[in-house]
Amino acid sequence: MVQKEKNRETLRPLYRIGLDTVELKGEPFMILVEENQHVTTTEPLVKVDFDKIVACEKDPTVIVAFIEQAQISEITVQDKTVDHGEVCGEIKRT
């Protein structure tokens, strides 16, 4: 989750990591948080073995969708690979 702002609801992102990976039965993924756990922007949510996804000839694309579209006026995303801790984009709230 994105951290709460004063008097504003928390943004609730939905993450899809890898496409057509169901048959891998979760092997490349290690979930690091519990459902409904409050997290900060510095906490990793999942550890992913992207090399395994690619070795299994699956697409390693990561999709982030936001459930409450009315909360967002604009999203910009970096068009490059980023490392943990680097800013990958910006969300402007309504």
Side-chain angles (χ1 to χ4, degrees):
M1 286 187 185
V2 176
Q3 291 180 317
K4 286 186 180 182
E5 296 179 29
K6 201 175 219 181
N7 299 322
R8 295 183 108 171
E9 289 185 39
T10 300
L11 290 176
R12 295 173 50 190
L14 173 66
Y15 300 97
R16 173 69 186 188
I17 303 171
L19 304 179
D20 195 29
T21 58
V22 174
E23 65 190 42
L24 302 180
K25 300 183 181 186
E27 287 184 31
F29 310 102
M30 178 185 293
I31 307 301
L32 304 174
V33 295
E34 300 289 327
E35 188 173 343
N36 295 317
Q37 176 182 333
H38 177 77
V39 297
T40 67
T41 57
T42 60
E43 291 178 80
L45 306 176
V46 62
K47 185 174 182 179
V48 182
D49 185 344
F50 286 104
D51 291 335
K52 182 167 185 126
I53 293 172
V54 171
C56 292
E57 299 181 350
K58 302 297 180 185
D59 188 333
T61 295
V62 176
I63 298 170
V64 182
F66 293 92
I67 307 305
E68 302 296 332
Q69 184 178 359
Q71 294 178 325
I72 300 169
S73 64
E74 182 180 345
I75 297 176
T76 55
V77 180
Q78 298 290 330
D79 189 18
K80 64 177 186 173
T81 301
V82 295
D83 291 324
H84 176 73
E86 286 187 289
V87 174
C88 62
E90 181 180 357
I91 299 170
K92 291 186 181 175
R93 307 277 305 256
T94 53

- Using a 4.5 Å side-chain heavy-atom cut-off and chaining through intermediate ILVMFWY residues, the residues clustered with I63 come out as L19
- Are T94 and E74 side-chain neighbours, meaning at least one heavy-atom pair lies under 4.5 Å? no
- Remaining members of I67's ILVMFWY cluster at a side-chain heavy-atom cut-off under 4.5 Å? L14
- Query: Restricting to pairs with a member in residues 29-55, which pass salt bridge (charged side-chain N to carboxylate O under 4.0 Å, His left out), not counting sequence neighbours?
  - Reply: E27-K52
- Message: If I compare all heavy atoms of K58 with all of T21, which pair ends up nearest, and what's the gap?
- Response: CB-CG2, 4.0 Å
- Query: Sequence neighbours excluded, which residues qualify as side-chain contact (heavy atoms from CB on, under 4.5 Å) partners of E90?
  - Reply: T76, K92
- Task: Mind checking side-chain contact (heavy atoms from CB on, under 4.5 Å) for K25 and listing every partner two or more places apart, or none if nothing turns up?
- Result: none
- Query: Any side-chain heavy atom of I31 within less than 4.5 Å of one from L45?
  - Reply: no
- Query: V33 and P44: which non-hydrogen atoms are nearest, and at how many Å?
  - Reply: CG1-O, 3.9 Å
- Minimal non-hydrogen separation, V87 against V82, with atom names: O-CG1, 3.8 Å
- Task: Taking the side chain as every heavy atom from C-beta outward, state whether V46 and M30 have any atom pair closer than 4.5 Å.
- Result: no
- Partner set under salt bridge (Lys or Arg N to Asp or Glu O under 4.0 Å) for D59, not counting sequence neighbours: none
- Message: Applying side chain to side chain contact (heavy atoms under 4.5 Å, CB included) to I17 and F50, what does each step give before you reach the verdict?
- Response: CA-CA 9 Å; I17 303 171; F50 286 104; 4.0 Å; yes
- Who passes side chain to side chain donor-acceptor pair (under 3.5 Å) against T42, sequence neighbours left out? T40
- Query: With sequence neighbours excluded, what pairs up with E86 under the side chain to side chain donor-acceptor pair (under 3.5 Å) test?
  - Reply: none
- Just jot down the side-chain contact (heavy atoms from CB on, under 4.5 Å) partners of V77, sequence neighbours excluded, or say none. I75
